[in-house]
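Basis for what follows: all heavy atoms, side chains included, without hydrogens, waters or symmetry-related copies.
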Amino acid sequence: MSSTNAEKASSTASWLLEGAPALLLSKLDTSMEATSEQAAMEPAASNRAAMMKMAGAWVDLTDGAAHDHADVVKELGWLLSLYPYDPGGVKYVRQLLDRCLEYHQYSCDMVVLPHSAATTQEADSIDIVFGKNGLTKAPTRLVDVGSDVPAEPARVVAGTHCLRHVTPGYIALSYCNGETPKPAPWQLTSFTKATFEDELPLEILPQTLHDAILWTRRLGLRFIWIDNLCIIQDSPEDWQREASRMASIYGSALLTLVAASGSIYGGMTDRQNPLRNSAAALPLRSSSNSDVEQVVYILPNGQKAATSLPAPPTDRAWCYQEDVLSPRIVNFTTSQIEWQCMSDKAPIERRQGLAQLGKHEACLWYTLWYRLVERYSRKELSYAADKLVAFSGIAASKASGGTYLAGIWKEDIWAGMLWSRDTTMYTTHPGRRYETYIAPTWSWAGLDVPVAFHAALARSRRKRELPPTEHDPQVHGADVELSTFNTMGDVKGGSIVVTASSMPLITTSAYPDLFCESQQRQGDCQGRRRLPPGFDKYVVGEVVYNVAAAAKDDSWHYCILLQVTDLAIWAETGIAGIGLALRHERDRRGQAVYKRVGYVQYTSAFVTDSKRHRFNLV
């Protein structure tokens, strides 16, 4: 190994050692305590010294011997892959980017409306970012990637720097972060902020972030947005504010690099790397007794040995939003690099910006919205609390100017409430309600389950709204209680007050399935129950429970009608109407409230026999 490579491997080994807090013993903890006092006196200098000391600390092993990390690396070998980038791949991406900017920039640039002062908690100052996206704010922060020649270090800078540079614009990174312990030494925090603004040490970065910065350099660009380095990770206020700007951040980016790896340690191409998920073995010998050898296994950032492989980016909720919002994408895979822009076979979710949506009738616009929700509901989240905020950028980008209620639009409230658990995915996704409060029961966001919007799909097929009937429901009020200033983010509560045709019904499995007539659909019938109005009565409907395991016999529900189907559907399927099954409860003040438990399909008997009542849905 050359002296240069040994130095790189040495600093990389120290990063890995720092990233395994379970195995770094008291010596490292003492170092952190000592440097905390220094930080109070000289923030920038002492913070860097503390961080580098954390990364390069000696490891005090159980045999009492101290081992310099430079000795350890001789046994450990390469940890961070610094393989030379294929010039052909870089040239390929650069040529396609230049071609897009020259020939179809204005058809590819996303149209993203500026956030209001109420959303950003700031004044209405607008900064031009790039091309047609002129009415969006520049990101709060960016990473200036520096350069190799002349040697300039990377650092965190104000987002407006990308406006004044000779090569304007910036790249955004989309990758799987996973359950990374916070704060990690390579994340932007109140402790590392001053250091990173002076210099961002690339040797401490995980493989994927390291790769992305080097790719930005080789593409001849200067700035990149990476969430872990551009959002203060230990500041909930900063995180909420920046999360509300995802539509602007990704929509205004020149292009988005999408890492293939399901881990922050796997790199852009998910190549084999000991840092990714498996343990790195460290054979160590005592300085006092060379015959004694001990093997220590270190996992990235303290992750548990039983940790499963993270889902690939295509299955992740945050990555889905970033893909939908980005005007141009470079997809890295294990074997190739794929280019995608709006004029080059992009998926419909990204082609349909606000300009195109404005040409459609309202009911067709909402069809696109429900497709986005259905696909998003199939994605995975590391943290349930991100369910709404990880979709808020899409909501802001596709906003129709209406009132947003925890994932549905007030202007299309009935179709928005008429979602169902996707019964075709019963075996893999039977559904579960989150342990913590995420959204009202009438919102799809309150469940970890793939959903389907049958009413909206039927409407898109007939290309018109149904005529009004005497059985149509009436809404008296609909509101949510926001957790933050982001009107499309987290909520603490919400209610919809309606008057609708209703009937108390009891569940049973004694009758044949009403709407599962074919053998091919027999698996879809799990998590359902038939609904007679009483024991030994005729069946008037069938409920598809939000959570399949909740389906039980002899449960009483108030069932409400939200839509009468058209004659063609009734003649074909026997479904005369659709609505919701509700469970009656009392709130803290003793008032009657109703929680949604399922989606109901009715026969004509329910439509004719039901009575109108008022319900407060929470």
Side-chain angles (χ1 to χ4, degrees), residues 306 308 311 315 317 373-388 406-408 417-455 494 504-532 535 539-560 562 575 578-586 593-602 615 617-618:
S308 58
D315 294 336
V373 174
E374 287 178 347
R375 290 175 179 136
Y376 176 76
S377 70
R378 288 154 175 76
K379 307 302 179 181
E380 296 185 17
L381 279 166
S382 298
Y383 304 99
D386 292 347
K387 187 64 173 281
L388 283 169
I408 68 175
M417 293 173 66
L418 285 169
W419 52 268
S420 167
R421 170 177 54 84
D422 189 343
T423 56
T424 64
M425 303 181 70
Y426 164 76
T427 55
T428 56
H429 295 83
R432 69 180 181 91
R433 183 161 290 282
Y434 295 115
E435 295 179 1
T436 57
Y437 183 88
I438 303 298
T441 60
W442 40 259
S443 169
W444 54 267
L447 292 172
D448 178 16
V449 67
V451 298
F453 289 85
H454 301 297
L505 301 173
I506 190 170
T507 59
T508 181
S509 57
Y511 296 86
D513 294 322
L514 288 179
F515 310 114
C516 284
E517 65 286 345
S518 67
Q519 290 296 322
Q520 290 79 5
R521 292 185 54 205
Q522 197 61 36
D524 300 359
C525 299
Q526 303 294 330
R528 298 174 182 253
R529 286 296 185 272
R530 268 64 65 201
L531 295 167
F535 296 104
V539 174
V540 298
E542 185 173 79
V543 57
V544 179
Y545 278 88
N546 298 343
V547 177
K552 294 179 175 61
D553 287 351
D554 301 331
S555 298
W556 283 95
H557 298 307
Y558 285 91
C559 296
I560 62 174
L562 296 187
I575 301 173
I578 50 180
L580 305 178
L582 310 175
R583 184 178 67 243
H584 174 261
E585 292 186 8
R586 296 281 178 181
V593 294
Y594 295 85
K595 294 185 176 181
R596 172 190 161 135
V597 296
Y599 168 87
V600 185
Q601 299 166 312
Y602 300 112
F615 299 88
L617 280 62
V618 297

Exercise. Got Leu562 and Tyr599 here, is their nearest side-chain heavy-atom distance under 4.5 Å?
Worked result: no
Problem set entry | Tyr437 atom OH, over 12 foreign heavy atoms within 6.0 Å | yes
Seminar exercise, completed: Closest non-hydrogen contact found for Val600 with Ala581 is CG2-N, 3.4 Å
For this session: Apply salt bridge (Lys or Arg N to Asp or Glu O under 4.0 Å) to Arg378 and list each qualifying residue two or more places apart in sequence or on a separate chain.
Result: Asp422
For this session: Compare all side-chain heavy atoms of Thr423 with those of Gln526 and state whether any distance is below 4.5 angstrom.
Result: no
Seminar exercise, completed: On a heavy-atom basis, the closest approach of Gly527 and Arg421 is O-NH2, 3.3 Å
Seminar exercise, completed: All heavy atoms of Ala439 vs all of Leu388, minimum pair found to be CB-CD1, 4.4 Å
Problem set entry | Any donor-acceptor N/O pair, Trp442 side chain to Leu617 backbone, under 3.5 Å | yes
Problem set entry | Side-chain donor/acceptor of Arg433 to backbone N/O of Gly446, under 3.5 Å | yes
Seminar exercise, completed: Shortest non-hydrogen pair, Val597 vs Leu582, comes out as CG2-N, 4.3 Å
Exercise. With under 30° as parallel and over 60° as perpendicular, where do the rings of Tyr594 and Phe615 fit, or are they tilted in between?
Worked result: perpendicular
Exercise. Can you name the nearest heavy-atom pair linking Ala384 to Tyr434, along with the distance?
Worked result: CB-CD2, 3.4 Å
Exercise. Between Ser420 (side chain) and Ala452 (backbone), is there a donor-acceptor pair under 3.5 Å?
Worked result: no
Exercise. Is a side-chain N or O of Asp315 found less than 3.5 angstrom from the main chain of Glu380, in a donor-acceptor match?
Worked result: no
Exercise. Less than 4.5 Å apart, any side-chain heavy atom of Val593 and any of Glu585?
Worked result: yes
For this session: Working to the nearest 0.5 Å, report the span between CE of Met417 and CD1 of Ile560.
Result: 5.5 Å
Problem set entry | Side-chain donor/acceptor of Trp444 to backbone N/O of Gly407, under 3.5 Å | yes
Problem set entry | Distance (rounded to the nearest 0.5 Å) between Arg528 CZ and Tyr426 OH | 12.0 Å
Seminar exercise, completed: Value for CG (Leu381) from CG (Asp386), rounded to nearest 0.5 Å, stands at 6.0 Å
For this session: Measure the OG1-CZ distance between Thr508 and Arg529 for me, rounded to the nearest 0.5 Å.
Result: 8.0 Å
For this session: Kindly indicate whether the side chain of Asp554, heavy atoms from C-beta on, has any atom under 4.5 Å from the side chain of Ile506.
Result: yes
Seminar exercise, completed: Shortest non-hydrogen pair, Cys559 vs Tyr602, comes out as CB-OH, 3.2 Å
Exercise. Atom OH of Tyr376 and atom NZ of Lys387: how far apart are they, to the nearest 0.5 Å?
Worked result: 6.5 Å
Exercise. How far does NE2 of His429 sit from OG of Ser377, to the nearest 0.5 angstrom?
Worked result: 9.0 Å
Exercise. Got a donor-acceptor contact below 3.5 angstrom from the Thr507 side chain to the Ser555 backbone?
Worked result: yes
